[in-house]
Amino acid sequence: MDDEVEVQPRPGAGETQYIDALVIGAGFGGMYMLHRLRERQLTVRGIEAGGDVGGTWYWNRYPGARCDVMSIDYSYSFSDEIQQEWTWSERFAEGQEIRAYQRFVADKLDLRRDIQFNTRAQSVAYDDAKQRWIVETDRGDRFEAIYCIMATGPLSVPKDVDIPGVETFDGQIYLSGKWPHEAVDFKGLRVGVVGTGSSGIQIVPVVAEDAQELFVFQRTPSFSMPMRNGPIDADYMAQVKANYPALRAAAKSSYSGGVRSISSRPFFSVPVAEREELLQDAWRRGALALMGTFSDLLSNAAANEIVAEFVRGKIDEVVEDPETAERLKPRGYPIFARRPVLDTNYYEAFNRPNVKLVDCLTDPIAEITPTGIRTNARRIDLDIIILATGYDGLTGAMLAVEMTGRGGRRLKDKWAAGSKSYLGLAMEGFPNLFIIAGANGPSAFANFVILNEQNAEWILDCIDYMRAHDLTTIEATTAAETEWMAAVSSLAQTSLIPRANTWYTGANIPGKPRVFGIYTGGFNRYREICAQVASEGYRGFTFEPGQKAAKTG
Ligand code: NAP
């Protein structure tokens with residue numbers, strides 16, 4: 001185990017803890033929120049379902065887990081001391097290194113003394129009379145807090161297994177998003193990986209090295225691009241450290257919240273031969289370079305299809321068996337409309353004699369049996385099944401707790417037709433409840449760490465404002481929420497993104513209402529809007545003046 005902390009002593013079960021703020025979740029967002037609230041001398045507690053800090057990285061320990069945002073971007077910017085002391089070893093850090101970084105930050109800021117681990121919020125209920133959030137946990141804790149901050153993450157609840165017979169399997173079965181702490185040995189075994197999104201595509205080449213046979217069950221093929229990962233050399237890291245202020249400023253004023261160049265050239269403004277050169281060069285550079293080669297790849301369907309075909313050609317170049325290559329080629333949705341995947345030797349893995357592609361579009365999985373997976377056409381015996389089948393994204397963690405707002409209104413009812421929020425930060429009917437990296441904010445379209453920081457800072461400023469003006473509660477208005485949701489939806493409609501079935505829209509979960517749940521206007525614009533809302537006295541929010549908020553206990 002590379003992490004696990006002792007469970008701290010708690011007040012007796014059933015005893016209420018009266019605090020100013022409760023932060024639920026100790027991933028990147030929760031850790032930073034807790035730190036900043038503590039600076040204000042507020043009484044603040046964190047609770048976290050995992051055994052240590054880390055959030056999604058705490059659970060995602062599957063082989064090959066790695067971040068697809070560059071390490072130097074995917075790290076806190078708020079403390080120069082932290083960014084000077086920490087040295088990344090690879091361009092794209094492995095999960096284990098990210099967890100080590102998170103533990104380093106937790107130690108540095110002494111965060112754990114205020115976080116209760118192995119504790120899951122079960123109910124989060126607003127008490128109108130007390131103007132407080134009452135939070136009860138699976139370990140019998142009861143908190144009364146003025147502010148409740150949901151830092152539960154957009155990708156923390158794995159999708160329920162929707163393959164019949166899963167409970168009958170006699171071998172070992174693993175979920176990518178809830179991977180055990182112990183290493184799993186694949187040597188000499190027959191392994192099946194179900195799912196070819198970001199997680200499955202990272203798992204396949206690593207497991208292929210050890211497994212006797214590896215069957216990749218692919219339903220929708222992904223467009224994957226070479227990550228071109230590698231060590232960060234000392235000179236480069238020194239340059240980065242010397243230039244962090246400028247790099248962070250550039251990241252924060254960019255569309256994605258990260259340092260990544262995006263061209264301003266529309267695709268068809270460039271002559272054909274030059275276009276081809278630019279695409280080839282982007283492929284050589286790897287990572288998301290291809291996505292940034294032209295300005296309109298997410299809005300111009302014809303340009304998008306040419307780039308999609310370019311990637312299909314790359315699959316042909318790598319995969320030796322033409323039939324396998326053909327089946328690996330994504331069709332029927334625009335490239336970049338699903339989360340672009342970055343890989344190391346994914347397509348190459350299919351040239352190994354022990355790796356077989358099972359095309360579930362033509363031969364769907366019928367069931368899991370005691371001995372393996374049965375598709376409509378065949379039975380495949382397996383010792384291990386890995387389900388890399390994704391997440392109940394954006395809304396899963398919020399709906400996993402029994403949450404009720406003003407007047408006992410359930411979040412499940414408010415979100416019955418899909419998520420609704422204002423700025424992804426707050427909701428009508430749920431006063432003093434803040435969400436970090438919530439549904440309808442920039443979410444997966446932004447660098448999560450920088451988005452988490454921005455959200456936490458906005459929340460902190462808001463709490464400062466309330467305290468300075470003797471205000472007890474803040475609540476989004478229905479009009480502001482409606483207007484924001486209309487903006488999120490209309491922005492999405494101007495792009496090709498909604499044309500794919502993804503967790504962005506809820507389409508990956510059977511029966512989930514379809515709402516395009518991500519603000520696609522860019523992190524830079526989002527940040528400006530949030531700042532403007534605050535500078536206009538929190539436009540779109542109402543406040544209640546207070547007498548009760550100041551009291552703790
Ligand atoms: P995902 O992108 O939703 O992929 C899930 C895969 O499982 C899809 O290929 C899906 O096929 C397949 N699947 C689901 N149910 C199935 C079933 N019953 N039968 C057959 N196939 C099934 O999930 P993910 O790969 O975990 O990635 C989710 C998100 O996490 C990513 O978009 C990314 O934002 C983040 N992530 C990032 C990294 C990174 O930084 N490198 C790594 C992992 C994850 P269909 O599409 O046909 O449903």
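Positions are given from 1, in the same order as the sequence printed here.
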- Salt-bridge test for E481 and K414: reply yes if a basic N is under 4.0 Å from a carboxylate O, no otherwise. yes
- Message: Ring centroids only, cut at 6.0 angstrom: are Y333 and F223 within range, meaning strictly under it?
- Response: yes
- Note on the structure: By salt bridge (charged side-chain N to carboxylate O under 4.0 Å, His left out), K241 pairs with (sequence neighbours left out) none
- Task: Tell me whether the centres of the aromatic rings in Y346 and F350 are closer together than 6.0 Å.
- Result: yes
- Search all heavy atoms of S75 against all heavy atoms of I450 and return the closest pair with its distance. O-CD1, 4.0 Å
- Kindly say whether F92 contributes a backbone atom to a donor-acceptor pair with the side chain of R66 at under 3.5 angstrom? yes
- Query: Parallel, tilted or perpendicular for W179 and Y62, by the 30°/60° rule?
  - Reply: perpendicular
- Item | Expected output: side-chain N440 to main-chain I518 donor-acceptor under 3.5 Å | no
- Measure the shortest side-chain to side-chain distance between E428 and Y422 over non-hydrogen atoms and say whether it is less than 4.5 angstrom. no
- Message: I'd like to know if the side chain of R103 and the backbone of V53 have a donor-acceptor N/O pair within less than 3.5 Å.
- Response: no
- Task: For residues N455 and G438, report the shortest heavy-atom separation together with the two atoms involved.
- Result: OD1-N, 4.4 Å
- Query: Are the aromatic ring centres of W458 and F541 under 6.0 angstrom apart?
  - Reply: yes
- Contacts of F104 meeting ring pair (Phe, Tyr, Trp, His ring centres under 6.0 Å) (sequence neighbours excluded), chain-then-number -> W86
- Under 6.0 Å between ring centres, would you say that holds for W88 and Y236? no
- Message: Could you check, using the six-membered ring where one of them is a Trp, whether F28 and F448 have ring centers closer than 6.0 angstrom?
- Response: no
- Taking N452 for its side chain and I436 for its backbone only, find out whether a donor-acceptor pair lies under 3.5 Å. no
- Task: Using a strict cut-off of less than 4.0 Å between a Lys/Arg side-chain nitrogen and an Asp/Glu carboxylate oxygen, indicate whether R527 and E453 qualify as a salt bridge.
- Result: no
- Salt bridge flag under 4.0 Å for residues D316 and R312: no
